[in-house]
Amino acid sequence: MKTRDLAYIAIFAALTAVLGLVPAINVGPVPITAQTLGVMLAGSVLGAKRGFLALLLFLLLVAIGLPLLPGGRGGLGVFVGPTAGYLYAWPLGAFVVGLVTELAWRRFNLAWAALANVVGGVLVIYAVGIPFVAVYADEVTLGQSLTGSLSFLPGDAVKVAVASLIAVQVRRAYPVIERPRGAAATP
Amino acid sequence: MTALALYVRGTSPVHRSPAGLKLLALAGLSVLLFAVPTVPVAAGALAAVLAVGVVAARLPVALLARQVRAVWVWLVALAVVTAIVGGVASAALVTLRLLALVLAAAVVTATSRVSELVAVVERLCAPLRLVGVRPARIGLLIALTLRFIPLVAERADRVREAQAARGGTVRGVRALVTLVVPLLVQVLQLAHTTAEALDARGADDDEARSGRMRG
């Protein structure tokens, strides 16, 4: 990995942190934060591997006590709470967004961007986060956890739209993924 | 760095004990709390954490309260659901356990400097050498990100100001897109120049020598 890759990874970890400063918009009782936009953008701009590492680095910084999550939360405490599963899902989500983006890189358009963000930025996050709540709190069933997270869907739809529009424009203006999957074998 | 961190300056024994030891104690506590799920153990742990944090380390109570406030919605929801399904005793257990863990983590992070924690992370990552990751690079990544966070925030402000100066008053979703696209192009360029500057100062030297990582 080149120094440039390290700098890209660091800049997206930083960007995710800055997105956490954007005040949450309340949709009903549910705060919608811009931070998971970082997951989608890291994957769609940097690709699978670097996107994964950027979010992993971000979580590492949170773990060592930087108050980078919305509301100035941070420290190891957030990794033991019932919603910690959503955090653990972020690097994985960025990886999947990046993977789909790389696979579709040559014919990449708004539809592909939306697909990548829905699969990686929404489905993967829920697939990890929802069972985690149920496992953590023995008495909360999977169904209850699922219903609870439905309230986040409107916010996610907005974020998918924003991230997809951005991904398409940044690909045109400053493409970072140089060796897409399918063009040459990338390990 | 400290302006951003949750660290609270202090000279107490808790502040002075090694960060690695504190992290180990935190890990041990979480294992204990889940291995022995009883109310007395959880209550005892919570009392011990408060004693260490407030009495021994003399941390401001407001700081600890802030960490609790961040999870209180969950605490209440969890307590109510657990009480209905599993009874008051198990609700008490779940609540006390979560409180103890959140506060313990807050105490560790408030009494350890970020630089110390970075050093611990580098040490913990030492085994990754075997798969070709150099711990020093992880330290570099952390340092880079800490520098980039204020820079990215500043660039975001500048883009917003520039757009306002040109009379752009887009709102809603479009506003976010028109802000983030130029911001991303700028910060990607920033990353690129930073990498060039680092390479010029020899950041990739040992990589070329070891030749273990793909370049």
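A, B, ... follow the sequence lines: proteins, then strands. Residue 1 opens every chain.
Of the two parts of A:A17, only the side chain, counted from C-beta on, holds a non-hydrogen atom closer than 4.5 Å to a non-hydrogen atom of chain B. With a 4.5 Å cut-off on non-hydrogen atoms, B:V121 touches chain A through its side chain but not through its backbone. In this structure, chain A has a heavy atom under 4.5 Å from the side chain of B:L140, while its backbone stays farther away. With a 4.5 angstrom heavy-atom cutoff, B:L26 touches chain A only via side-chain atoms. Neither the backbone nor the side chain of B:I84 comes within contact range of chain A; no heavy atom of the residue lies under 4.5 Å from a heavy atom of that chain. Only the side chain of B:L184 comes within less than 4.5 Å of a heavy atom in chain A; its backbone stays farther off. When heavy atoms are compared at a cutoff of 4.5 Å, B:E116 does not approach chain A at all. Only the backbone of A:A63 comes within contact range of chain B, with heavy atoms under 4.5 Å apart. For B:L103, no part lies near chain A; criterion is any non-hydrogen pair under 4.5 Å. Proximity to chain A involves both the backbone and the side chain of B:A153, based on heavy atoms less than 4.5 angstrom apart.
Note on B:L23, B:I138, B:L141, B:V108: by heavy-atom pairs under 4.5 Å with chain A, the leading option is B:L141. No other option in A:I11, A:L60, A:L6 has as many heavy-atom pairs under 4.5 Å with chain B as A:I11. Considering only heavy-atom pairs separated by less than 4.5 Å from chain A, the leading option among B:L183, B:I142, B:T194 is B:I142.
Using a distance-only test at 3.5 Å, with no hydrogens or angles considered, a donor-acceptor pair links the side chain of A:Q35 to the main chain of A:L68. Not a single donor-acceptor pair under 3.5 Å links the side chain of B:S112 to the backbone N or O of B:T109. Here the side chain of A:K49 pairs no donor or acceptor atom with the backbone of A:G98 at under 3.5 angstrom. For B:R97 (side chain) and B:L93 (main-chain N/O), no donor-acceptor pair under 3.5 Å exists by modelled atom type. No donor-acceptor pair under 3.5 Å is formed between the side chain of A:E102 and the backbone N or O of A:I177.
Using the six-membered ring where Trp is involved, B:H192 and A:Y8 have ring planes that are tilted, between 30° and 60° apart.
Look at B:R160 and B:D157 and you find a salt bridge, because one of the NZ, NE, NH1 or NH2 atoms lies within 4.0 Å of a carboxylate O, short of that distance.
Partner A:F58 forms a side-chain contact (heavy atoms from CB on, under 4.5 Å) with one of A:I9, A:L69, A:L15 and no other, that one being A:L69. The one candidate from A:T101, A:V162, A:N117 that meets the side-chain contact (heavy atoms from CB on, under 4.5 Å) condition with A:M40 is A:N117.
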